[in-house]
Structures are given as structure tokens and as C-alpha cells.
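Since the structure comes first, as C-alpha cells, the remarks are kept for the end.
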Amino acid sequence: MFRDLKKSVVALLFCCSVWLVISTHLYLSNNTHDIFELVRASYIDKFYTKAPFLHTHVSNEEHDPNLIHHHKPDPVVKPASSKEPDKEKVQDSWVINVDRISEYNHEESCVIFPYHFNDLKEKQTLAEYYQENFNTAIEASHFDKNTKFRIIQLNSLTDEPKQDYVDSSKYQKDEFKIFQLSPLIYNDQQCESHLQQKLQVEISQSKSLTFDDWLPIINRFKEENPHYYEELEPFWKDDIEEQIKSGVLNKHWHRLAGSSVWLTEYGVHFMISRVLYTPSGIRDKPIISLTYAQVFNDKWEEMKNVELISPSNNPDVGNELVKEEKIYSSMIYPTFLPIPSYHDYNITTPNKYYGPEDPRLLLIKNPKGYEEPLIIFNAYQRKIVESVNIDHDKHMNITFDYYRSIFMCWPWQFQRGKEIVDDLNINQNYKYQIYNRIAELVRDNIPKVKNQKNWTPMISYEDRKVSNYDESIYFIYRWSNLEVFKCQLSNIINGLSICKYDYRLEPNNNENDGVGPLRGGTQMVNINQLLYEYSNKITELSTFISKLPTGRELWLGFARAHLKNCGCGKSIYRPNLVLITKDSNPKGEKYYKISHISSFLGLSNVPILPWDPANPKMICGEQYPNALIPNGISDWNLKEVAINDDIKGIQDYLTLSFSVSDSTVDIIHIKGLLNEIFRLDYNTDIKTNRLIGDIDIIKDDVSHNWMKNNGFNNINVDCAIRESKNFCYHYGLQNGEKTKEEKEKEKAKQKEEKEKQEKEKQEKEKQNQEQKPDPNAKVEAKVEEDASESKY
């Protein structure tokens, strides 16, 4: 009997051991594709997270010495495989080539390789490469085994899919006023009489990309980005289960400010948007913001589970790209981008919101020759302003200050830690955590100010032709009294991009003066680049390009004006179309000017939602803003069209992303904008306003007066703001807002009524006082009564 018991115990122990091995194997095989949960060497402790890269070409000789002393990682930045690849799974049938991504079901899981991916070994397929480098991820847990799965690569690079989609949209004509620059200073009537032009385009119906169900988004966030989720979870930890149980997640989570770019190599739209969390449920009182990334196909259908194989960097070898290295990362979308930010969930003071705000997206060309997205955002940060050693260097007194600063973020590149946004960074979990790579934009030799927002980014195509990549990025810092910064995009040291003035209309102005009502908006799209990229496909463009003056560069974008108490609600926001022109003198000094600027774009076919959903008819309520805010130019492409049998023309389509009342993510398509701009240019009677053709060369030394008298002034900006105020006033009247006279009469009536009520109140109090018995009389009566009683 004892022998049987011993056998049973041994058998039980054996079964437990087998169960443990199988469980461990399954866990590792099903958790190999999370950016924060890649397999680690046994000597790496819980603080050190391996990077999600697949190439073995990376040396770690340039590691941060502090990082080496704390933990010495593997010399290879590559995920370890938990088992040999299943050769039966590796076959060409996993890979499909398509002309457009919309040929594949957007509900199905897929991996997309870039068109020019060339890192395969001899006779190696994409499936073999993917399975070898991503740890048999074809069977990874985030892909449903019952769901169709494919690896996709485009057959060719073409804009026809997106052009076909936007061309098939329904359009209606729209017209708005635009003001050219003034070469001379005229009288107050010049806006309408001399500078105003009318621009006619066609605009599609808006398409909403807003979603309502937050539960799967939050669940996926928790499962797929566990480290980032855990870092931020204290902001909602005590409340989110109750919010889910009560079905009120939508009241506390809000998405807005969508901005996107077209990724030609992948044939998809890449979009980022701002997500707010507000425990109070009041949309304009959030405590933290996050950045949500999505991928849409050429028909603007969201791809629900797509993985992009994208060029990347090694976060342990500085933060700069090295041309010789071939490193690719794998990111699955949709997802919350792990952008580092300073936060302290124990301190949630008013007007100090944590996390990245107002994200804007544009495409840049990196030193390896790849196009990649770049995000511009502002965020709250903590900086050490003073530190004093005490107690023989054993302790220090540290003084902090807090700033809202401008940052750049590379969503396809990464870094460790977040010292850039928090000087102290004492939390070990944060110090070695993998985040998206960021850099702070710092004005050179100008003291740091408390708040920086609304820098408008743009890329110089003329610079790119010289270096073959983007060494610098430019920003419109101020629209009124135009100021332009040039900032480092490569050779960034310690996460700081130094920005120097490239142009100032008024050099003697204070650098920290207010920016005025015109600000922010979309990125500026380089028209030179647009024309050159299509010149190989559309032969007529070559003649047009030849007419561009030497060294001239053109940008177009949508700024936004913020006007207060102008006739509709507390304030109003609308887009203003802006065209920037740059020229140089023989010394190479640059001169920028606002060639054209529109008044408010009404976009009459875009419905404006009330700020407060509880008051659906209150479009111009006195307590709320009325807002339609442009966030990004998602795409702008050209198409050759036949006018008749002998003549061909060019049609252009621009896709604008915007938000209404800070509660939506929408897009519209604008047809014929580029054609209209050059039609106006051809018809203008002001020679110095011409965008193409002969122009006067700017001399080496010009006076300030010469500059102002040749269009380098604020006159057309002032005209646009004045006309925007006029738009606001009439828009308010159309939507139930009272006129100024009516408001004054109403206020006078309310004042009169209040005075009348106050007078009646005083009279009533006086009457009550008169009718009130004299307390002294009562005392005397009582004394007499007492006396009579005593007498008898």
C-alpha cells in the first residue's frame, strides 16, 4: 500500500512538472509581440525592457554608461524565439500583393510591409522573414487563429486608389473671401476695394471618423500596452470599473483633434488624435491627455488589427538614426502611443493638464531616405530651476518649476526613460521604460516662458534637395508680425532641438509678446514638393515649375482664428486659409510673407454641433464657444483630366481633417483649390503679388520701409481678421444670437427690473417696520398690569 502511495505521489509530481513546462511554453509563445513584453535575458531585472526590434546589426558600444552599470543588455537587439519556426506555416500563400489596400477586408488582421522593403536574404520570402524575426508571430495571441491573416505588400506606388475615392465623393460649390498682400499702405477701405478676391472651390460632405464605444478601446489598451497603462492607471483606477458597470465610459473619455498623413509606401492613412480623460465628465476639464493612433485604408475604412513593419532606431545608441543600420520595428494599430510625459496623479491643479495636447502630424524624410510621420505637440513638464547642496552633499534642496512646452515625437522611433519631460525622473520603472522618441523645441538664447503652444510646422523642399533628407524643420511662431523659426531635426543633443529665428518682420519686438487671434491650425504643405512629385506623372507640370522664380518656395495651410465676443457665443473658432511665400536675397538671407489669407471658412455643408449636448439648439450660447478647428491636411494629390480631345488639365484634391466643438474627428475633401490659387495669381493686377513669373529681386540691403511697402506687412492679415469678425456677427444673427442693440436694450431692461424689485423690497421692509409693535410699549403695559395686580 505504501508502495502504491509512493507511485501516486511521483506520478502527481511528474504531471505537475509537465503542466508547468507546457504553461510556461504557451505563455511565452503567446506573449512575444507586445512592445513592452519581449523576452529578456535572465540577468535583466524587472526594470529593463527590451526594445521591439528585429535586426541584429546593432552594436551597443555607445550605450549610456549609467545604463551599462545598472544593467548590461544583450549585445543583440532582437527578440529571442521561444521555439523553432513552424516550417509548414512559412509559405508564399501567407503573402499577397495588392494594387490598393482596400482590396483586403479591413476587418481582418494583417501585416503590411513597405513597398521598398529590401532586407530579405537570398530566396527568403516575406513570410519567412516575418516569422524568423518576430518570433513566429503568425500564431501570436493578438491574431485570432480563426481569423483570416495575411502579409501584404503593394504591387506598385500609385495615388490612383485615393484619387478614385475622393473623386467619387459628392461635392457642392463653395466660395469665400481671400486677401492678397498689399504692396503699399492704403487707406482703411483697401480691404474690399483693392485686396479682396473671391475663391471658388467644391467641397464634399464631411465624413465622421468618430466612434462611440470606448469599452473595447480601454480593454485593448490594458491588454496590449500593460506597462504604459499601469503607469497612467492611477488617474482612473478607482473609477473605471464603476464607469464600465454604469455604462458611462463615453462621458469620461473623449477623442478629438484628428490629424493624419498618407503613407505612400504602405498605401494607408496614418492618423493620430487626442484622447481626454475627465473624471468629472465635463469635457473641457480633463486631467490627462493621451495620443491614439489608427490606420485607415484608401477608402477611409479603419483597419481594426493591422501591423506596420516600419524603419526605426535603437533606443540604446543615443537617439539618432545611423544611415548604415537597418532596423525595423513592428507596431500594431490601433493603439495608444507610449509618449513620455510628466505627471503626478496626486497633484491635479486647475489648468495643469498632463500628457500630450493638440497633436499635429506631418511627414518628414529621415537620413536613411525613408518618409516617416512626425508629431508636434505641447505638454506640461517639470524642470529643476535651482539645486543647493546641503549636509556635505548627502542631501540637496531642489526647486522645481513647471512649463507647457513644445515637443516633437517620432512614432516609429523609441527611447528609454523620460528625463526630457521630468528632470528628476527618480522612478526606476520610468527610467528604463521604452517610450516613443521625443525632443523639446527650445528657442536659442531666449529665456524659457511658462506657456508655449500653437507652433505651425513646415518642411523646406529646397533644403531637402540639397541634403536629400530633412535636416531642419521650420515653424510659423507668430502670424501677425510674421516670425519663422528654423529648428534642428537631425543632430539633436540631449533631446533638445535648438530653434533660431529664420525671419522676423519686426526684429525689435519682444520675443514673448502675445501671438494675436490668428494661431496654430494645420501643418503647412510645401507646394514646390507637391508639384515636383507629380511632374513625372503629369508632363504639363514641368512647364509650370519652370516659371517658379529661382529660390522661391510656397506653402499652404489652414491657420485658425480665435475671436472672443464677436457675435456668436463666448468665442468662435474657424479655419483661415493661408499661403506663405519665401524668397532670398543674393546673400542668402530669407524673406517670408503671407501672400494670401482668407477670412473665416464657413464650410456651410459642415454641421456645427452645440458645445453643450444638453442644449442642442444653443449654437451661440453666451457661456460656450462655437468651434470648428482645422487639425491637419491629410492628403493633397493631383490628377490629369481631359478637358477636350486636344487639351488636358489638372485637377487637385485636398483632404482636411477637423474637429467640431472639440468632440469629433471629421474629414472633408476640397476640390480645385490649387487651380483657384493660380487662377487668382494670373488675374491679379498687383505685379509684386505674383506667385510665378518675373519678380523683383530683393537687394542685399533693404530698408524697413521698403519691406513694408513691398508686401512685408500685416495689412492683409488685418483685413482677414476684420472680415472674420463680420462673419461671426452675421453667423450669430442667423443662429438666434441677439444684435448688440438688442443685448443693450435687454441689459437695460434687466437693470430697470432689478432696480424696481430692489425698490419694492425696500418699501416692503419699510412698511413692515412701521407695522411692527413698539417693544417699549409692551414693557410699559406689562409694568402697569403688574402694578394693578399688586395693588389688589
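Values below: every heavy atom of this structure, side chains too, minus hydrogens, waters and symmetry copies. Position 1 is the first residue of the sequence; numbering continues from there.
- The side-chain hydrogen bond (donor to acceptor under 3.5 Å, both in side chains) search around N626 returns R574, not counting sequence neighbours.
- With respect to E440 and K448, a salt bridge is recorded, a charged nitrogen being found less than 4.0 Å from a carboxylate O.
- Between Y380 and Y353, the ring center distance fails the sub-6.0 Å criterion.
- With sequence neighbours excluded, no residue forms a side-chain hydrogen bond (donor to acceptor under 3.5 Å, both in side chains) with S259.
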All N/O donor-acceptor pairs, side-chain side in residues 596-608, below 3.5 Å, sequence neighbours left out:
from : atom 1 : to   : atom 2 : distance (Å)
S598 : OG     : L577 : N      : 2.8
N605 : ND2    : I203 : O      : 3.4
N605 : ND2    : S204 : O      : 2.7

Donor-acceptor contacts under 3.5 Å from residues 510-518 side chains, at least two apart:
from : atom 1 : to   : atom 2 : distance (Å)
N510 : OD1    : N512 : N      : 2.8
N512 : OD1    : R443 : NH1    : 3.1
N512 : OD1    : R443 : NH2    : 2.6

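- Checked against a 6.0 Å centroid threshold, the rings of F221 and Y229 count as neighbours.
- Annotation: cation-pi geometry satisfied between K450 and Y403 (NZ/CZ under 6.0 angstrom from ring centroid, within 45° of ring axis).
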For residues 245-255, tabulate all N or O donor-acceptor pairs below 3.5 Å that involve a side-chain atom, not counting sequence neighbours.
from : atom 1 : to   : atom 2 : distance (Å)
S246 : OG     : E242 : O      : 2.9
S246 : OG     : E242 : OE2    : 2.8
N250 : ND2    : D212 : O      : 2.4
H252 : ND1    : T278 : O      : 2.9
H252 : ND1    : P279 : O      : 3.2
H254 : NE2    : K251 : O      : 2.9
R255 : NE     : S273 : OG     : 2.9
R255 : NE     : Q294 : OE1    : 3.4
R255 : NH1    : L209 : O      : 2.9
R255 : NH2    : L209 : O      : 3.4
R255 : NH2    : Q294 : OE1    : 2.8

Distance-only donor-acceptor pairs under 3.5 Å for side chains of residues 170-179, two or more places apart:
from : atom 1 : to   : atom 2 : distance (Å)
Y171 : OH     : V166 : O      : 2.5
E175 : OE1    : Q200 : NE2    : 2.8
K177 : NZ     : E723 : OE2    : 3.2

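- Aromatic ring pairs are classed by plane angle as parallel below 30°, tilted from 30° to 60° and perpendicular above 60°; the pair F712 and Y503 is tilted.
- For the pair R382 and F400, the cation sits on the ring face: its NZ or CZ lies under 6.0 Å from the ring centre, inside 45° of the axis.
- A salt bridge links E357 with R404: the distance from a Lys NZ or Arg NE/NH1/NH2 to an Asp or Glu carboxylate oxygen falls below 4.0 Å.
- For K237 and E230, the salt-bridge test fails: no basic side-chain N is under 4.0 Å from an acidic carboxylate O.
- Both tests pass for R283 against the ring of W611: distance under 6.0 Å to the centre and angle within 45° of the axis.
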